[in-house]
Protein chains: 2
Amino acid sequence: MSSSTHKGIFTISELAQELDISTRTIRYYEEIGLILPQRSGKGTRYYTRSDRARLKLILRGKRFGFSLHEIKEMITLFDEDRTGRKQLQRTIQYGEEKIRELDARIDELIRLREEILEFKTRFEEKMASLEAVEGNRESKE
Amino acid sequence: MSSSTHKGIFTISELAQELDISTRTIRYYEEIGLILPQRSGKGTRYYTRSDRARLKLILRGKRFGFSLHEIKEMITLFDEDRTGRKQLQRTIQYGEEKIRELDARIDELIRLREEILEFKTRFEEKMASLEAVEGNRESKE
DNA sequence: TCATTATATAACGTTAACGTCAACGTAATT
DNA sequence: AATTACGTTGACGTTAACGTTATATAATGA
């Protein structure tokens, strides 16, 4: 078993296992600047629970078809030290825009669900009619 | 302008424009068996509104991060002439499974929305506090 | 009918997002 | 000291999902 200094820091493989991704993936995310873990004296990466939360957010974004580039844009936006009110306001506007996009997506997803449900219903009807013709009895009620 | 025999059949470029994708993309979807448009005597593809609906469904799936392979599985499942009750039942079960998956996704999407909203809220607070000390930009945290 | 587009096939190119493998360092265990 | 287990950095390989020519043919307006 591996290191269990469970105080809120994780090794790369611990995170990989927990999040069900490869270590390569995690390193890749670092390559493209999505995460910046601390390093121990001689290079070993260590991740905080904050890093882990960030990774979860990334994976969540991916599950909805956002590219890593888009994801980066979104999260670094909230990261950076945005001094100046103009910048801050733009950031907030961007956030609002993203929320609106998400609302639209939720609606769309619900419609997709309904469509699939309809597909299924039609199919069930088809099967029912088949059953009627068949006159066969194989009840499973 | 192109052919406008608007009776419910479309050329490939008409569809491409309407759906905002390239003709290459449409042909590619045919390559991998996602659509099978009719052909005119010597090869030209023609698409019905049913084909168009199918394309829309594909694009919708993509927007949610499904791969074309997954999308194919889903829609061809409801396409094929599934004779035999066993097959039909499996199809319906698959449909139910997909619906459950979609429900989970909807939940997740809503959570994502909430997270972003929180980000934004925290930011707004930050800005408000900045505004309080207006002019001075020194205190961090 | 002719010129201009539009479409077809074929084949190679591209990019994102990793997988995989090599070569090495380090830390703990045997 | 050797083995085992994990970590590191390259660097090249792979796959999905198209983009981009090139060349040939078909459809359409003047």
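All values below come from the heavy atoms of this structure, side chains included, with hydrogens, waters and symmetry mates left out. Lettering of chains follows the sequences in order, A, B, ..., and the numbering in each one begins at 1.
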Donor-acceptor contacts under 3.5 Å from residues 106-113 of chain A side chains, at least two apart:
from	atom 1	to	atom 2	distance (Å)
A/E108	OE2	B/R63	NH1	2.1
A/R113	NH1	B/D103	OD1	2.6
A/R113	NH1	B/D103	OD2	2.7

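If you take OH of A/Y46 and P of D/dC6, they are 13 Å apart, rounded to a whole angstrom. Following rounding to the nearest Å, B/I12 (CD1) and C/dA6 (P) show an atom-to-atom distance of 13 Å. Atom pair A/R27:CZ and C/dC21:P shows a separation of 15 Å (rounding to whole Å applied).
A/L36 meets the side-chain contact (heavy atoms from CB on, under 4.5 Å) test with no other residue; sequence neighbours excluded. Judged as a salt bridge (Lys or Arg N to Asp or Glu O under 4.0 Å), and not counting sequence neighbours, A/E97 has no contacts. The side-chain contact (heavy atoms from CB on, under 4.5 Å) test applied to A/E70 returns A/F66, A/S67, not counting sequence neighbours. In this structure, A/R105 has no salt bridge (Lys or Arg N to Asp or Glu O under 4.0 Å) partners at least two apart in sequence or on a different chain. In this structure A/E31 satisfies the side-chain contact (heavy atoms from CB on, under 4.5 Å) test together with A/R24, A/Y28, sequence neighbours excluded. Annotation: side-chain contact (heavy atoms from CB on, under 4.5 Å) contacts of B/R27 (sequence neighbours excluded): B/I12, B/T23, B/R45.
A heavy atom lying under 4.0 Å from DNA chain C marks the following residues of residues 36-43 of chain B, by number: B/R39, B/G43.
A salt bridge does not link B/E14 with B/R49: none of the charged nitrogens is closer than 4.0 Å to a carboxylate oxygen.
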Can you give me the N/O atom pairs linking the protein to nucleotides 10-20 of chain C at distances under 3.5 Å, or say none if there are none?
from	atom 1	to	atom 2	distance (Å)
C/dA17	OP1	A/L68	N	3.0
C/dC18	OP1	A/K62	NZ	3.4
C/dC18	OP2	A/Y29	OH	2.7
C/dC18	OP2	A/K62	NZ	2.8
C/dG19	OP2	A/S22	OG	2.4
C/dG19	OP2	A/T25	OG1	3.4
C/dG19	N7	A/R24	NE	3.2
C/dG19	O6	A/R24	NH2	3.1
C/dT20	O4	A/R24	NE	3.2

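Note on A/T11: a side-chain N or O is less than 4.0 Å away from OP1 or OP2 of D/dG7.
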